[in-house]
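Note on naming: letters A, B, ... go to the chains in the order of the sequence lines (proteins, then strands), and numbering restarts at 1 for each one.
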Amino acid sequence: MSVRVRFAPSPTGFLHIGGARTALFNWLYARHTGGAFILRIEDTDAARNTQEATDVILKGLTWLGLDWDEGPATPDPTGPSRGNFGPYFQSQRGEIYRRRVQELKDKGMAYESEGAVKFRMERAPIVIPDLIVGNVTRELTDREQADPDFVLIRSDGQPVFHFVNVVDDLEMKITHVIRGEDHLSNTAKHIALFRAFGVPPPHYAHIPLILNPDGAKMSKRDRGASLQTYMDEGDVPEAVVNYLCLLGWSPKDNREKMPLAEIIQRFDLPQIHRNNARFDIDKLRWLGGEYIREMPRDRFRESALAALTRAGCKWETYPSPYVNAAIATCEGKIKRFGELAPYAGFYFTDDVPIDPAQFPDDSKARLKKLRDAFAQLPNFVAAEVEKSLKIVAAELGIKAGPLVHPTRLACTGNPSGPSLYHLLEILGKETVLKRIDKVI
RNA sequence: GACCCUAUCGUCUAGCGGUUAGGACAUCGCCCUUUCACGGCGACGGCACGGGUUCGAUUCCCGUUAGGGUCGCCA
């Protein structure tokens, strides 16, 4: 039987990085096995589920490159979708749930209680066969002993998560449930429900959680918990995907940076870890740098310009050869595009921030001499600029460094940045002299 | 409180009875270099603890401890 897996998020207006990884693992498993990846929106909470919130999920998955074989085509619950098992919004599946509750009632497995419908839960321990953890025997907790039955339908008529989740997995013929370990204990309830319906439950694979750097569960408040952060800060999606793969899964041979095709080919459930992993932003960013470095020039420029625009940088007012040359000097230098505006913003403004304290008198005197030398240059290109600077340094009896540093500071406002001589050439003689003059 | 999962450098991990416990990120040196980054070389740093089993345990078993998760008319 062909594999069918699903990602079933609740639209809260927020795509958790852990949720993104759950989606990724499901997607990888589907692609690895040639099965189907289904997206189902669990929008039973009408009050807080909006189309905007659903759109966050669709956009996030799309950004990561996780395409779904079945599921919504738009954030509209009543809109078009792909697949033969719809609707893919739980808010549109009320009729199915009503039918299924009736089925349980008819079997004597469910009953009315204070306006709600409750499930007659099994009292005996339930064994959860988990593909990652192994067989887990789940007993009732002391609280559950006191009242083992749980609510299926709230007194306001709305079905609860455990119920809709199982009904949908059943109706959509899901074969493997790959989800966070936080659901492991709940799975006993789900298995009992499948049994009540008289069908075998799907295979379960509970993946470890992503923890914050402190070792606690990544919560909404933790920095980097939302996928949106990475979209906003100009991270490369391939790097995010690659990094997420490395959290809780390992190819076992020390490979880390891997093309997606290779990951798909090698991804499988047995290599998934059992232990939680802390999120390490530094390692993600390292991967980001690697991916950016090998990025085709055109894509680099496009992403760079988009990031500059997001940062409010007015690069459009500059001639396009100037813009392209400026961007080119940043290639290989950044780990994410959000770094670009502070790194190269000086190209696109006349107002470079200058801290007078950084220019002592002797530094100013040197700059003055350099300025005069620059002013004499008929051909203000990198090689000539470099030659000129080195001559001035020799005349002053100093190394290039003490001259380079203040020049960079005066022209860019930054102690670090692109190659100095190239940056000066791009800025042009007039601008360079103007900026040095301002300091002197 | 009850139940469940987990435990190798700071972090992510390899290991699956005998290894100088390997790699990556981070950190710190040195080299390269006009800055930064890249790259190269090197350093630092780990098997949570206690019992077993065994000729021999990081590896298998039990316990302790620690961390995480779950016990909702949230998902």
Side-chain angles (χ1 to χ4, degrees), chain A residues 8-12 19 42-45 48-49 90 113-118 125 128 130 132-134 136-148 150-162 164-165 180-189 206 208-209 211 213-217 243 246-257 273-287 289-290 292-293 330-335 339 343 382 385-386 389-390 393 399-405 407-409 412 414-424:
Chain A
S10 178
T12 60
E42 305 218 332
D43 58 342
T44 51
D45 189 341
R48 87 181 152 158
N49 298 153
Q90 289 184 333
S113 170
E114 296 176 32
V117 179
K118 295 184 84 173
I128 302 162
D130 189 276
I132 291 164
V133 186
V136 175
T137 304
R138 167 62 153 78
E139 290 175 33
L140 294 179
T141 66
D142 54 356
R143 279 172 220 198
E144 289 167 335
Q145 295 276 5
D147 181 19
F150 60 90
V151 169
L152 257 25
I153 309 288
R154 286 189 272 266
S155 49
D156 66 0
Q158 288 299 310
V160 304
F161 162 75
H162 298 301
V164 293
N165 195 263
E181 195 200 19
D182 48 343
H183 286 292
L184 184 55
S185 295
N186 289 153
T187 303
K189 290 187 171 86
H206 287 93
L209 269 20
L211 272 23
D214 296 331
K217 186 180 176 181
Y243 177 68
L246 262 23
L247 272 189
W249 175 81
S250 165
K252 303 288 185 191
D253 61 356
N254 285 338
R255 291 271 289 152
E256 297 204 306
K257 180 168 172 292
H273 303 144
R274 286 134 281 259
N275 49 316
N276 297 341
R278 298 187 196 203
F279 194 85
D280 182 0
I281 191 79
D282 286 332
K283 189 141 184 177
L284 165 61
R285 296 272 148 88
W286 164 71
L287 270 172
E290 296 288 311
I292 288 180
R293 225 162 278 127
C330 302
E331 284 174 11
K333 301 279 197 171
I334 55 174
K335 292 174 158 57
E339 293 173 6
Y343 190 82
V385 171
E386 176 172 5
L389 184 140
K390 285 185 171 160
K399 286 187 166 181
L403 208 45
V404 164
H405 189 66
T407 306
R408 172 185 296 284
L409 222 39
T412 73
N414 239 317
S416 68
S419 161
L420 180 69
Y421 307 122
H422 292 91
L423 138 201
L424 294 179

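Classification of A/Lys189 and A/Glu144 as a salt-bridged pair holds, one side-chain N sitting under 4.0 Å from a carboxylate O.
Contact annotation for A/Gly180: no contact, since no heavy-atom pair falls under 4.0 Å across all strands. In this structure, A/Thr137 reaches the sugar-phosphate backbone alone: every heavy-atom distance under 4.0 Å involves primed, P, OP1 or OP2 atoms, never a base. Residue A/Phe279 is classed as having no contact, given no heavy-atom separation below 4.0 Å to the nucleic acid. A/Tyr343 comes within contact range of at least one nucleobase, with a heavy-atom separation under 4.0 Å. Contact annotation for A/Gln90: no contact, since no heavy-atom pair falls under 4.0 Å across all strands. Within the nucleic acid shown, A/Glu114 comes within 4.0 Å of at least one base atom, counting heavy atoms only. Using a 4.0 Å heavy-atom criterion, one finds that A/Arg285 contacts no nucleic acid atom at all. Residue contacts for A/Arg274: at a heavy-atom cut-off of 4.0 Å it reaches the sugar-phosphate backbone alone, with no base atom in range. Contact annotation for A/Pro125: no contact, since no heavy-atom pair falls under 4.0 Å across all strands.
For the salt bridge (Lys or Arg N to Asp or Glu O under 4.0 Å) test, residues two or more places apart in sequence or in another chain that qualify with A/Lys118 are A/Asp147. Here A/Pro251 pairs with A/Trp249, A/Asp253, A/Arg255, A/Met258, A/Arg266 under the side-chain contact (heavy atoms from CB on, under 4.5 Å) rule; sequence neighbours left out. Not counting sequence neighbours, A/Tyr421 has no partner by the ring pair (Phe, Tyr, Trp, His ring centres under 6.0 Å) test. Residues satisfying the side-chain contact (heavy atoms from CB on, under 4.5 Å) criterion with A/Thr137, sequence neighbours excluded, are A/Pro125, A/Val127. Considering only residues two or more places apart in sequence or on other chains, A/Glu331 meets the side-chain contact (heavy atoms from CB on, under 4.5 Å) condition with A/Arg297, A/Phe300, A/Ala328. With sequence neighbours left out, A/His162 forms a ring pair (Phe, Tyr, Trp, His ring centres under 6.0 Å) with A/Phe150, A/His190. Scored by the side-chain contact (heavy atoms from CB on, under 4.5 Å) test, A/Asp130 finds A/Ile132, A/Val133, A/Leu184, A/Tyr204, A/His206 as partners (sequence neighbours excluded). Partners of A/Ser113 under the side chain to side chain donor-acceptor pair (under 3.5 Å) rule, at least two apart in sequence or in another chain, do not exist in this structure. Annotation: side chain to side chain donor-acceptor pair (under 3.5 Å) contacts of A/His183 (sequence neighbours excluded): none.
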Between protein and nucleic acid, restricted to nucleotides 19-24 of chain B and to nitrogen or oxygen atoms under 3.5 Å apart, what atom pairs and distances do you find?
residue	atom	partner	partner atom	Å
B/G22	N2	A/Asn254	OD1	2.7
B/G23	N2	A/Glu256	OE2	3.3
B/A24	O4'	A/Glu256	OE1	3.3
B/A24	O2'	A/Glu256	OE1	2.4
B/A24	O2'	A/Lys283	NZ	3.3
B/A24	N3	A/Lys283	NZ	2.9

Which atom pairs link the protein and nucleotides 67-70 of chain B when you take only N or O atoms and keep those under 3.5 Å?
residue	atom	partner	partner atom	Å
B/G68	O2'	A/Asn276	ND2	3.0
B/G69	N2	A/Ser185	OG	3.3

Strictly under 3.5 Å: I want the nitrogen or oxygen pairs between protein and nucleotides 60-65 of chain B, one per line.
none

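Residue A/Lys252 places at least one side-chain N or O closer than 4.0 Å to OP1 or OP2 of B/G15. Using a 4.0 Å cut-off, some side-chain N or O of A/Arg154 falls inside it from OP1 or OP2 of B/C74.
You'll find the side chain of A/Leu246 reaches within 4.5 Å of the side chain of A/Leu287, heavy atoms only. You'll find the side chain of A/Leu424 reaches within 4.5 Å of the side chain of A/Thr407, heavy atoms only.
The A/Val151 side chain lies nearest to B/C73 when the options are B/C73, B/U11, B/C4. Of the candidates B/C36, B/C12, B/A37, B/C12 carries the atom nearest the A/Ala277 side chain, counting heavy atoms from C-beta on. For A/Val404, counting side-chain heavy atoms from C-beta on, the closest listed nucleotide (B/C12, B/U34, B/A14) is B/U34. Comparing B/A7, B/C36, B/C4 by their nearest atom to the side chain of A/Asn275 picks out B/A7.
With RNA chain B read from its 5' end, the first of the two nearest nucleotides for A/His273 and A/Lys333 is the one closest to A/His273. Judged by closest nucleotide on RNA chain B, A/Leu420 is the one of A/Leu420 and A/Ala116 placed further toward the 5' end.
Across all strands shown, B/C71 forms a Watson-Crick or G-U wobble pair with B/G1, both key distances being under 3.5 Å. Summarising the base pairing, B/A66 is matched to B/U6 through a Watson-Crick or G-U wobble pair whose two defining distances lie under 3.5 Å.
No N or O donor and acceptor, one from the side chain of A/Ser250 and one from the base of B/U13, sit under 3.5 Å apart.
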